[in-house]
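Everything numeric in this text was worked out from a predicted model, so none of it was measured.
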Amino acid sequence: MVKLGADSARQLAFERLVAPWRDDLYRYVLWLCRNPDLADDVVQETMLRAFKSLDRLEDESAIKPWLLTIARREHARVYERKRLETRDIDDLSYAEAALIATEGDSDIDDMRAAIFGLDDDYREPLVLQVLMGFSTDEIATMMGLRQGAVLTRLHRARKKLMERVKSELDLIG
Amino acid sequence: MTCETLRERLAQDPARIDEEFDRHAKNCAACQAFHNRLMRSEALIQKALRFDVNSIGKATAGATPLRAARSSWIVLTSSIAAGVLVAVLFWAVQDTDPELSAEALAAEVANHWYNEPASWIESDNEVAGALLAAVLDGAADLNLAQLQTVSYAESCLVAGEWIPHLVIQGEQGPYMVLLMPGRVLDSAVPLQLPEEGLSGHIVPAGTGSIAVLGGGLATDLEQMEARVIAAVDWTI
């Protein structure tokens with residue numbers, strides 16, 4: 001019988017628990033920061049920190065919120081460091097160019113543009129709910145908000161998106 | 001409940017449709033229409049958010065050279081992280097079986113039920129066609145004529161794969177159905193959640209497999225499994 005060393009055991013746990021979330025973490029961070037390069041940095045940092053501190057994760061079922069918490073913290077740190085380099089208007093068009101029109105479906109492209117156009121406060125809870133599958137309770141905890149505030153933001157986000165892609169919804173219907 | 005309150009609640013969480021909504025919508029064509037429109041929007045939001053990660057690298061190649069401005073420590077830590085990932089991938093390729101065992105898959109499926117028990121409800125409410133299409137996209141076509149009401153549809157991460165999670169109404173109650181394209185099984189694997197009064201199987205279905213889990217009688221379960229297998233046509 002081969003006995004696994006601590007590093008191998010950690011790699012095993014990393015591959016099983018963390019690696020499957022990599023793409024969704026990238027999507028979440030990219031929607032958060034709207035900059036593919038920054039998102040790349042944040043996800044790399046998040047994966048590295050998760051690997052280092054995996055031993056401290058007591059409840060495996062909490063892996064998703066645990067990773068999200070690390071990613072949010074890393075985003076705040078990296079963004080703070082890069083803030084002076086960042087040009088908002090350029091970054092928005094840069095990110096839009098990268099994200100929009102990857103699908104070849106104009107309805108989806110228009111929805112992406114509409115999501116880009118949302119305020120950060122509205123976009124993040126929507127991404128956490130729809131993409132990451134968190135409950136409004138969990139989102140409230142993660143963002144340090146009351147659940148009522150999260151519900152209001154989700155309602156307003158969807159209302160704005162429905163207004164912005166009105167013609168697409170008419171056509172699909 | 002007023003139309004305004006009901007629509008606000010729907011827009012907070014479109015997946016949360018309760019009896020109150022059902023009662024209201026039966027007599028309110030405007031709210032039913034709003035719900036259908038919201039579901040079309042939700043399907044687009046899901047697709048828009050879940051972009052192909054690999055396409056971003058291609059789309060950004062040669063774009064604004066912000067990477068050049070990275071500080072050296074970020075490059076260093078990124079390299080370490082990349083090294084870790086390469087090592088992990090190397091290890092995974094060398095030492096593990098890429099196929100999950102049938103028992104481990106059954107455990108993942110049962111675990112997923114515990115993650116989303118709220119979706120497993122009796123309902124006459126048909127999920128919007130656009131949302132169902134978005135969830136099935138790239139995985140399977142579904143012949144709805146073979147089935148009763150599909151009351152819930154969501155893309156879910158199960159055993160490392162994003163797959164369609166449906167709730168289909170049977171004669172004796174709702175069933176959780178997970179469509180797993182590409183997950184080939186030799187024989188049916190039992191699913192047991194006795195403490196919840198649930199049972200089911202993961203059944204082989206051509207080039208994939210299908211998990212069906214519910215609380216009905218064994219005959220109803222078998223009927224549902226046969227119906228779902230007949231209704232599914234894998235597209236990958």
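- Taking a 6.0 Å sphere around NZ of A:Lys64, one finds it holds more than 12 heavy atoms contributed by other residues, nucleotides or ligands.
- For A:Leu151, the parts lying near chain B are the backbone and the side chain together; criterion is any non-hydrogen pair under 4.5 Å.
- Options B:Pro14, B:Ala159, B:Ala33 differ in how many heavy-atom pairs under 4.5 Å they form with chain A, and the most are formed by B:Pro14.
- The CZ atom of B:Phe51 sits 8.0 Å away from atom CG of A:Leu131, with the distance rounded to the nearest 0.5 Å.
- Expressed to the nearest 0.5 Å, how far CG of A:Asp107 lies from NZ of B:Lys47 amounts to 9.0 Å.
- Closest of all the heavy-atom pairs between B:Ile45 and A:Leu161 is CD1-CD1, 3.6 Å.
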### Task
Decide yes or no on side chain to side chain contact (heavy atoms under 4.5 Å, CB included) for B:Asp13 and A:Leu154, but give the supporting numbers first.
CA-CA 8 Å; B:Asp13 187 357; A:Leu154 287 167; over 6 Å; no
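- In this structure, the separation between CZ on A:Arg164 and OG on B:Ser41 is 12.0 Å, given to the nearest 0.5 Å.
- Listed here is the closest heavy atom pair of B:Gln12 and A:Gln129: O-NE2, 3.0 Å.
- There is no contact between B:Asn36 and chain A, counting heavy-atom distances below 4.5 Å.
- By the neighbour-count criterion of 12 heavy atoms within 6.0 Å, atom CD of A:Gln147 is densely surrounded, having more than that number from other residues, nucleotides or ligands.
- Atom CD1 of A:Ile108 sits about 6.5 Å away from atom CG of B:Leu44, to the nearest 0.5 Å.
- What you find for B:Glu42 and A:Val130 is that their closest heavy atoms are OE2-CG2, 3.5 Å.
- Within a 6.0 Å sphere centred on CG of A:Asp55, heavy atoms belonging to other residues, nucleotides or ligands number more than 12.
- The CD atom of B:Glu8 sits 4.5 Å away from the NE2 atom of A:His155 when rounded to the nearest 0.5 Å.
- Proximity to chain A (any heavy atom under 4.5 Å) is shown, for B:Leu38, by both the backbone and the side chain.
- One distance of note links CD of B:Gln46 with CE of A:Met111; it measures 10.5 Å at 0.5 Å rounding.
- Between chain B and the residues A:Arg156, A:Met162, A:Arg16, the most heavy-atom pairs under 4.5 angstrom are made by A:Met162.
- A:Tyr26 approaches B:Val53 most closely through the heavy-atom pair CD2-CG1, 3.8 Å.
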